[in-house]
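Read through the structure below, which is laid out as structure tokens, and then see the notes.
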2 protein chains.
Amino acid sequence: MIDEGYAAVTSRRVAERAGLKPQLVHYYFRTMDDLFLAVFRRRAEEGLAAQARALDSPQPLWALWRFGIDPSATRLTMEIMGVANHRKALRTEIGRYAERFRDEQTKAMTAALDRYGVNAADVPPIVWTFLATSVSRVMVMEQALGMSAGHAEVLEFCEGWLRRIEGEPLPIEAAG
Amino acid sequence: MIDEGYAAVTSRRVAERAGLKPQLVHYYFRTMDDLFLAVFRRRAEEGLAAQARALDSPQPLWALWRFGIDPSATRLTMEIMGVANHRKALRTEIGRYAERFRDEQTKAMTAALDRYGVNAADVPPIVWTFLATSVSRVMVMEQALGMSAGHAEVLEFCEGWLRRIEGEPLPIEAAG
DNA sequence: GTCTATAATCAGATAGAC
DNA sequence: GTCTATCTGATTATAGAC
């Protein structure tokens with residue numbers, strides 16, 4: 001899905017990778033929509049858990065940022081949005097999860113900005129989470145097209161903002 | 001393409017809309033890649049011209065912003081990026097045009113910020129163009145998913161920034 | 001659970017008549 | 001330029017044997 005897009009995920013190819021016959025895909029999932037839904041739910045729950053761990057760190061803003069600019073995670077997110085766009089059966093479910101991700105981010109952002117003494121009256125926390133998400137997603141999309149104009153400047157801008165608010169990034173702990 | 005995605009654009013459906021037989025699509029364009037390329041080039045050139053007109057207005061920043069938050073234009077852009085992502089033959093060409101769009105935007109942004117007396121040392125103009133692009137694209141993507149959380153706040157934030165820098169938006173002139 | 005067999009569509013693309 | 005006819009291959013999905 002990450003390499004060739006969701007359209008390349010067919011029952012034949014899935015079966016091939018699993019070393020089974022294509023018909024078994026339908027035995028387990030009936031339709032391809034059901035398969036996508038199952039994969040999506042699993043990844044989304046894992047993602048929510050991973051995000052919760054990240055936001056629980058001493059530097060939640062840096063953690064959120066690192067999450068966003070991870071290319072493979074964001075490429076997957078983009079593909080999932082593509083699926084949602086073209087398979088109505090999945091749209092609602094995917095939209096719901098996307099809102100859960102954003103809610104958690106915004107809660108953590110609100111708490112962090114409050115803790116750092118940043119005035120939330122000028123710029124609501126949800127605006128910061130939206131901006132962080134947007135920047136990373138578009139950057140990944142553009143990288144896929146071979147574009148890089150402005151990326152260095154944008155990275156510097158964002159990481160400068162993070163430094164001013166949350167200080168120098170601490171070394172990342174190894175994940176458990 | 002806007003309604004059902006680029007994958008729904010097949011020789012049969014194109015022919016149907018044109019009131020012709022599918023084989024004629026191949027007569028005129030040989031492959032579907034050639035067709036996509038022809039469509040893309042035409043729209044891109046039209047888009048560059050329209051963008052140039054917009055950036056030439058007395059309020060280039062507002063014009064650029066209005067361009068970005070136009071849902072159907074941005075949905076088309078997103079679909080084109082989807083095509084680029086999954087048809088290698090088109091990727092290079094699309095990437096090149098995307099860079100031309102950004103270059104023109106950044107030139108206009110640089111001139112405008114200079115004119116308005118905004119210090120470009122803190123935040124390079126290309127960062128502003130990147131942010132504007134990102135925000136509008138992700139907003140349109142999320143709208144397609146039925147999401148709206150934070151959109152009003154982000155709009156207010158962006159338009160507040162535009163007001164402070166470029167003043168209240170003047171009424172839009174009718175296009176010629 | 002896993003297989004073979006198969007149905008029903010739909011896709012891109014080409015050959016050749018007119 | 002436009003048509004008919006056709007090839008080739010992919011897809012989702014079901015039925016039924018083992």
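So you know, we letter chains A, B, ... as the sequences are listed, proteins then strands, and number each from 1.
- Contacts of B:A50 classified as side chain to side chain contact (heavy atoms under 4.5 Å, CB included), with partners at least two apart in sequence or in another chain: B:R53, B:F67.
- Not counting sequence neighbours, the partners of A:R87 by the salt bridge (Lys or Arg N to Asp or Glu O under 4.0 Å) test are A:D33.
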Nucleotide by nucleotide, nucleotides 4-18 of chain D touches protein heavy atoms under 4.0 Å in the pattern (B base, S sugar-phosphate only, - none) BB-----BBBB----
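- With sequence neighbours excluded, the residues satisfying salt bridge (Lys or Arg N to Asp or Glu O under 4.0 Å) with A:R13 are A:E4.
- What separates CD of B:E16 from P of D:dC3 is a distance of 14 Å, to the nearest Å.
- Counting only residues at least two apart or in different chains, salt bridge (Lys or Arg N to Asp or Glu O under 4.0 Å) contacts with residues 57-84 of chain B are absent.
- In this structure, B:S11 has no side chain to side chain donor-acceptor pair (under 3.5 Å) partners at least two apart in sequence or on a different chain.
- Following rounding to the nearest Å, B:F29 (CZ) and C:dA13 (P) show an atom-to-atom distance of 13 Å.
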